[in-house]
Amino acid sequence: MARPRLLVVSMSLPVTAKRTGEESWSFTMSPGGLVSALLGLKEFETKWIGWPGVDVHDAIGKKTLSITLAEKGCIPVFLEEVCDQYYNGYCNNILWPIFHYLGTPPEYRNDATITYQSQYDAYKKANQIFFDVVKEHYEEGDVVWCHDYHVMLLPQYLKEYNSKMKVGWFLHTPFPSSEMYKTLPSRSDLLRSVLTADLVGFHTYDFARHFLNACMCILGVEATSEGVVDQGKVTRVAVFPIGIEPERFINTSELSEVVQYMKKFKNDFGGRKLILGVDRLDTIKGIPQKYQAFEKFLEENEDWRGKVMLLQIAVPTRNGIGEYQKIKDQCHYHVGRINGRFGSISAVPIIHLDCSIDFNQLCALYAITDVLLVTSLRDGMNLVSSEFIACQKEDKGVLILSEFAGAGQSLGAGALLVNPWNIKEVSTAIGEALNMSHEEKERKHKINFQYVKTHSTQQWADDFMNKLIEITTNAELRTGKAPLELPEHDVIQQYSKSNNRLLILGFYGTLTQPMKNQERRGDGMNLDLHPQNFGEYNMWLAAENGMFLRHTSGEWVTRIPEHMNLEWIDGVKHVFKYFTERTPGSYLETSETSLVWNYEYADAEFGRAQARDMLQHLWAGPISNASVDVVRGEQSVEVHAVGVTKGSAMERILGEIVHNKSMTAPIDYVLCIGCFLGKDEDVYTFFEPELTKKTKSPSSSGSDSPKKVSATIVDLKGENYFSIAIGQTHTKARYFLDSSDDVVQLIHKLCTHKNA
Ligand SMILES: O=P(O)(O)OC[C@H]1O[C@H](O[C@H]2O[C@H](CO)[C@@H](O)[C@H](O)[C@H]2O)[C@H](O)[C@@H](O)[C@@H]1O
Ligand SMILES: O=c1ccn([C@@H]2O[C@H](COP(=O)(O)OP(=O)(O)O)[C@@H](O)[C@H]2O)c(=O)[nH]1
């Protein structure tokens, strides 16, 4: 299959432009791992849309820059006056610290024009500008891949413009715990927008889990292992750890120019062991902590003084932000102090460079490094670690890696993992690395080299794109369209023509109004699915997702599958009871396979807050390893065994009904109406295989026979099957009805027609 064209959208283009004349431009590579990684995307026809790193206000400038960038496959986004409050403000002074657990910054107090709101407005405006550029260049079939926290509103703008666009969003930073994320004032808008994408990707499982948790706690939507389900729409959430382009580093480190650099540097360093740090000069990289740990090491290991040095490449970044200027001063302070303390006339222990370096020199440094020291306080991935591994030569170095970098999960096995806040621990790790045996270094390197070689950036992009294409293609095949208006005439016609009819009706929201507090409190009606409410009808009642079944004239029978693990129930009940006692008006509904905590009669705001806390307790405790689904209802939290869906119960229910009814003719009419959660929508597709096959005799149950229902039981073709969702725009049902009133009217018409 031909690969679609890829529109990559990120804040920064891979090159930063500098004006050299009225119509001329020069370029340097933009800093950071995102750019390094995406430059490795070779197998897609790609256009890259982003900010060129410079403000351009005149028409000639914009035109000439656009033409020059087009030769590099890049399309500029001119952010002009919003740039400062957008990039330095909302993105890097609000989102970045929150996403990296550095806290929520207070509003600026010394400039009334820079407020939280003004920065968020700039963020919205900038995302709108990105959208305008994508819209201008989008061609049908393109995949739009949005990158990072700078463009969280873009998926929504794109989908509102064209719901068929294939849109992915990938976050390169950590996604913080929901406790941290929920401090962000615009938390809901950003989540809702991201959820409009078809696929949402993260570097690690932790980040994905935090995101799902935030969606559940803040938006109250259902989160499953597949992603987020909201009003029937599923947003897939998955993990794609990024890599590097290993060949680029391996090959470069073999160039003769690089070998020359290696010799030169070794000579310059005078035989001392080299500890290397390569980071953007960012608050998250823990550079002051690194210096303190090195100082501690020198303090406690007199023998090593003069025999080891730390070279820190501190790549300039985000100079317009006060915090970044402060961190520079802090680093300089530590370097001066430590060099003063442990330096000699011939050498100082730390070399700190406030600049980026040439790629060949970087590879040469990686190749001769004895210890790469990564002390990020938080880091999405940290590609420097992988680059170092790729460049290593015969005499292997050791990777000391912060456990708070995403890379810790991938490269931890071949590294010394440290907590960068624990100065003593990092200092000890430095000693361990410097004293490590050759064999141990080889062993560790081998593990990581294997990983780095096989998890390339190309692989990462392929995985993400393949998943995105698979999801969007399947979605097209599965429904291809929104549900249709119900052809009422056909429903009635087919009903009257048929001999053996099956009507499957949901209860809450289908036969009842969706209930709000006041309504239920007011009328005092008992709306439980209780046989006494249906006693006069000849029908079957299924409760608890089909786990219990009875005819109105009979007794309840249990249909719990054997081997269903229900060990989690006691622990969950304990947590539910705790919250019931502390939330006036809430109550607990228990059953054999599920537990529901309902706060519909509690104070709405407090109930929601309690539900959020309860979910945290559940995830951390009783359900952390259990096979359960957690369903967050509008005013309830439900926990039930995995796989307990209405569709999976259909087979059992049907078997029971058929058995009891001693059916002679196959079912030739099915009407299935409901207002179900996403996971229960399989009830609509349960009969679908029947529609595509011819009715077979009981003896011809060959391998192509649908597994679910015997051919003698059901005879459906398509025109006599109607699946109907109430009030859902994304659904597996074929048709929709607006409300339960419509359901009642429809049933009424079927009855009168029959009786006429
Ligand atoms: O463009 P800047 O503001 O100078 O920032 C540079 C990039 O920093 C961040 O990089 C992240 O992406 C890397 C690759 O996935 C990852 O390894 C690293 O841990 C992250 O910090 C930022 O997310 C990018 O958008 C910036 O371009
Ligand atoms: O002078 C330099 C030194 C390093 N890098 C690159 O910057 C990236 C840093 O990526 P990482 O994922 O480690 O962290 P980020 O800066 O994205 O937070 C790596 O690809 C480095 O090769 C750079 O552009 N210039």
Side-chain angles (χ1 to χ4, degrees), residues 8-16 28-40 48 50-53 83 86-88 91-93 95-96 99-100 146-152 169-175 201-204 207 240-246 248-249 252-253 276-287 311-321 324 353-366 372 374-391 399 401-402 404-411 457 460-461 464:
V8 165
V9 188
S10 68
M11 163 71 203
S12 300
L13 284 174
V15 286
T16 301
T28 50
M29 193 176 146
S30 306
L34 185 153
V35 164
S36 316
L38 292 179
L39 278 175
W48 195 323
W51 183 58
C83 191
Y86 161 64
Y87 177 66
N88 291 326
C91 291
N92 289 329
N93 201 37
L95 292 180
W96 181 266
F99 282 21
H100 291 86
C146 310
H147 289 267
D148 240 351
Y149 58 98
H150 311 89
V151 287
M152 289 177 83
W169 181 76
F170 186 87
L171 184 66
H172 289 262
T173 70
F175 192 92
F202 298 93
H203 282 315
T204 73
F207 305 159
F240 305 90
I242 204 169
I244 60 165
E245 201 186 348
R248 179 165 167 248
F249 287 88
T252 305
S253 64
L276 179 69
V278 179
D279 307 270
R280 277 181 308 104
L281 186 46
D282 196 303
T283 42
I284 66 156
K285 301 287 183 181
I287 303 174
L311 168 59
Q312 176 66 46
I313 312 292
V315 181
T317 184
R318 306 174 192 175
N319 291 325
I321 303 173
Y324 286 75
L353 301 180
D354 283 322
C355 62
S356 60
I357 59 165
D358 162 86
F359 184 64
N360 285 359
Q361 293 188 349
L362 178 66
C363 290
L365 282 174
Y366 283 144
L372 184 85
V374 179
T375 51
S376 308
L377 307 179
R378 296 278 166 182
D379 217 335
M381 178 54 78
N382 190 279
L383 293 179
V384 162
S385 321
S386 298
E387 295 170 0
F388 159 73
I389 303 283
C391 290
L399 172 62
L401 179 56
S402 163
F404 297 114
Q409 254 177 30
S410 314
L411 302 176
T457 184
W460 166 77
F464 188 93

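Counting starts at 1 for both ligands and their atoms, in listed order. Computation of the quantities below employed the complete heavy-atom set of this structure, encompassing side-chain atoms and omitting hydrogens, waters and symmetry-equivalent molecules.
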Peer 1: Give the numbers and elements of all ligand 1 atoms closer than 4.0 Å to a heavy atom of T317.
Peer 2: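 Checking each atom against T317, I get 4 (O).
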Peer 1: Of all heavy-atom pairs between S410 and P241, which one has the smallest distance, and what is that distance?
Peer 2: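 Heavy atoms only, the tightest pair is OG-CB, 4.4 Å.
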Peer 1: Do me a favour and list the nearest non-hydrogen protein atom to atom 16 (C) of ligand 1 with residue, atom name and distance?
Peer 2: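 Going by distance alone, atom 16 (C) of ligand 1 is nearest to M381 N, 3.7 Å.
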Peer 1: Any sub-3.5 Å donor-acceptor pair from D148's side-chain atoms to H172's backbone N or O?
Peer 2: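 Between the backbone of H172 and the side chain of D148 there is a qualifying donor-acceptor contact (under 3.5 Å).
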Peer 1: Give the residue and atom name of whichever protein heavy atom lies nearest to atom 1 (O) of ligand 2, and the separation in Å to one decimal.
Peer 2: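 For this ligand atom, the closest protein heavy atom is I357 N, 2.7 Å.
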Peer 1: In terms of side-chain heavy atoms, does S30 have a donor or acceptor partner in T16 at a distance below 3.5 Å?
Peer 2: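 Result is yes, a qualifying pair exists.
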Peer 1: Should you measure from each heavy atom of Y87, which atoms of ligand 1 turn up under 4.0 Å away?
Peer 2: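 The list of qualifying atoms is 1 (O), 2 (P), 3 (O), 4 (O).
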Peer 1: Short list, please: which atoms of ligand 1 are under 4.0 Å from a heavy atom of L34?
Peer 2: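 Within the 4.0 Å cut-off of L34, ligand 1 contributes 12 (O), 13 (C), 14 (C), 24 (C), 25 (O), 27 (O).
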Peer 1: Report the nearest protein non-hydrogen atom to atom 7 (O) of ligand 2: residue, atom name, distance rounded to 0.1 Å.
Peer 2: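 In this structure, atom 7 (O) of ligand 2 has G32 N, 3.8 Å as its nearest protein heavy atom.
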Peer 1: Starting from atom 2 (C) of ligand 2, what is the nearest protein heavy atom, named by residue and atom, and what distance separates them?
Peer 2: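 For this ligand atom, the closest protein heavy atom is V315 CG2, 3.5 Å.
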Peer 1: If you count the atoms of ligand 1 from 1 in the order shown, which ones are under 4.0 Å from a heavy atom of H203?
Peer 2: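 Selected atoms, number and element: 15 (O).
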Peer 1: What atoms in ligand 2 come closer than 4.0 Å to a heavy atom of S356?
Peer 2: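 What qualifies from ligand 2 is 1 (O), 2 (C), 25 (N).
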Peer 1: To check you understand the geometry: which heavy-atom pair defines the closest contact between T457 and G243, and what is its length?
Peer 2: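 Smallest heavy-atom distance, with atoms named: CB-O, 3.6 Å.
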Peer 1: In terms of residue, atom name and distance, what is the protein heavy atom nearest to atom 17 (O) of ligand 1?
Peer 2: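 That would be N382 N, 3.0 Å.
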Peer 1: Angle class for the Y149/W96 ring planes (parallel below 30°, perpendicular above 60°, tilted otherwise)?
Peer 2: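 Answer is tilted, since the angle falls between 30° and 60°.
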Peer 1: How far is atom 9 (C) of ligand 2 from its nearest protein heavy atom, and which residue and atom name does that atom have?
Peer 2: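 Among all protein heavy atoms, the one nearest atom 9 (C) of ligand 2 is G33 N, 3.5 Å.
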Peer 1: Set out, in order, the CA-CA distance, both residues' side-chain angles and the distance that settles side chain to side chain contact (heavy atoms under 4.5 Å, CB included) for S10 and L34, then state yes or no.
Peer 2: CA-CA 9 Å; S10 68; L34 185 153; 4.1 Å; yes
Peer 1: Is the distance between the ring centroids of F240 and F202 under 6.0 Å?
Peer 2: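 No: the rings miss the under 6.0 Å criterion.
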Peer 1: When rounded to the nearest 0.5 angstrom, what distance separates CE in M29 from OG in S12?
Peer 2: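 Between M29 CE and S12 OG, I get 11.5 Å after rounding to 0.5 Å.
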Peer 1: Using distance alone, determine whether I313 and ligand 2 share an N or O pair under 3.5 Å.
Peer 2: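 No; every N/O pair is 3.5 Å or more apart.
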Peer 1: May I ask you to identify, for W96, whether its side chain, its backbone, both or neither come under 4.0 Å of ligand 1 on a heavy-atom basis?
Peer 2: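 It is the side chain that touches ligand 1; the backbone stays farther off.
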Peer 1: In terms of relative ring orientation, are H147 and W460 parallel, tilted or perpendicular, with 30° and 60° separating the classes?
Peer 2: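 Rings of H147 and W460: tilted, 30 to 60°.
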Peer 1: Quick one: pull up CZ in R248 and SG in C391 and give me the separation to the nearest 0.5 Å.
Peer 2: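 That separation rounds to 10.0 Å.
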Peer 1: May I ask you to identify the nearest protein heavy atom to atom 4 (C) of ligand 2, giving residue, atom name and distance to one decimal place in Å?
Peer 2: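 In this structure, atom 4 (C) of ligand 2 has V278 CG1, 3.7 Å as its nearest protein heavy atom.
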Peer 1: Closest heavy-atom contact between A407 and S385?
Peer 2: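 Shortest heavy-atom contact: CB-OG, 4.3 Å.
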Peer 1: For ligand 1, which atoms sit closer than 4.0 Å to a heavy atom of S12?
Peer 2: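 In order of numbering, the contacting atoms are 1 (O).
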Peer 1: Just need the protein heavy atom nearest to atom 6 (C) of ligand 2, so name the residue and atom and give the distance.
Peer 2: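 The protein heavy atom lying closest is S36 OG, 4.2 Å.
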Peer 1: Heavy atoms only: which of H172, R280, R378 lies closest to atom 6 (C) of ligand 1?
Peer 2: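 The option holding the nearest heavy atom is R280.
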Peer 1: Taking atom CD1 of I313 and atom CD1 of I357, what is their separation to the nearest 0.5 Å?
Peer 2: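 That separation rounds to 4.0 Å.
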Peer 1: Output yes when the distance from some N or O of ligand 2 to some N or O of V384 is under 3.5 Å, and no in every other case.
Peer 2: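 So ligand 2 has an N or O lying under 3.5 Å from an N or O of V384.
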Peer 1: Taking all non-hydrogen atoms of both residues, which atom of T317 and which atom of Y324 are closest, and how far apart?
Peer 2: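 For T317 versus Y324, the nearest heavy atoms are O-CD2, 3.7 Å.
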Peer 1: Could you identify the single nearest non-hydrogen protein atom to atom 16 (O) of ligand 2 and state the distance to 0.1 Å?
Peer 2: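 For atom 16 (O) of ligand 2, the nearest protein heavy atom comes out as R280 NE, 2.6 Å.
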Peer 1: For atom 21 (O) of ligand 1, which of the options D148, T173, D379 provides the nearest non-hydrogen atom?
Peer 2: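 Selected option, by shortest heavy-atom distance: D379.
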Peer 1: Please check if the side chain of D282 supplies one atom and the backbone of I284 the other of a donor-acceptor pair under 3.5 Å.
Peer 2: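 Yes: the side chain of D282 pairs with the backbone of I284.
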Peer 1: For ligand 2, which is the ligand I care about here, please tell me if S30 has any N or O atom under 3.5 Å from one of the ligand's N or O atoms.
Peer 2: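 Looking only at distances, the answer is no, because the N/O contact criterion of under 3.5 Å is not met.
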Peer 1: For H150, take its heavy atoms, then give the atoms of ligand 1 lying under 4.0 Å from any of them.
Peer 2: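 Heavy-atom distances to H150 below 4.0 Å select 25 (O).
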Peer 1: Going by the atom numbers of ligand 1, which of them fall below 4.0 Å from some non-hydrogen atom of G380?
Peer 2: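 Listed by number with element: 19 (O).
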Peer 1: Considering only non-hydrogen protein atoms, determine which one is nearest to atom 5 (O) of ligand 1 and report residue, atom name and distance to 0.1 Å.
Peer 2: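 Minimum-distance protein heavy atom for atom 5 (O) of ligand 1 reads R318 NH2, 3.0 Å.
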Peer 1: Are any non-hydrogen protein atoms located under 4.0 Å from atom 23 (C) of ligand 2?
Peer 2: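 No, because not a single protein heavy atom sits under 4.0 Å from atom 23 (C) of ligand 2.
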Peer 1: At a 4.0 Å threshold, what atoms of ligand 2 neighbour a non-hydrogen atom of N382?
Peer 2: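 Numbered from 1, ligand 2 contributes 12 (O), 13 (O).
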Peer 1: Note the single closest protein heavy atom to atom 5 (N) of ligand 2, along with its residue, its atom name and the distance in Å.
Peer 2: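 For this ligand atom, the closest protein heavy atom is L362 CD2, 4.5 Å.
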Peer 1: With under 30° as parallel and over 60° as perpendicular, where do the rings of Y87 and W51 fit, or are they tilted in between?
Peer 2: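 Taking W51 first and then Y87, their aromatic rings sit tilted (interplane angle of 30° to 60°).
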Peer 1: Work out which heavy atom in L377 is nearest to a heavy atom in G286; give both atom names and the distance.
Peer 2: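 Looks like CG-CA, 3.8 Å.
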Peer 1: Provide the closest heavy-atom pair for H203 versus L171 in the form atom of the first, atom of the second, distance.
Peer 2: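 So the minimum-distance heavy-atom pair works out to CD2-O, 4.1 Å.
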Peer 1: Short N/O distance, under 3.5 Å, between L383 and ligand 2?
Peer 2: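 Yes: some nitrogen or oxygen of L383 is under 3.5 Å from one in ligand 2.
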Peer 1: Say whether E387, considering both its backbone and side-chain N or O atoms, lies within less than 3.5 Å of an N or O atom on ligand 2.
Peer 2: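 By distance alone, the answer is yes.
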Peer 1: Just which atoms of ligand 2 are under 4.0 Å from any heavy atom in K285?
Peer 2: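 Listed by number with element, the hits are 14 (O), 15 (P), 16 (O), 18 (O).
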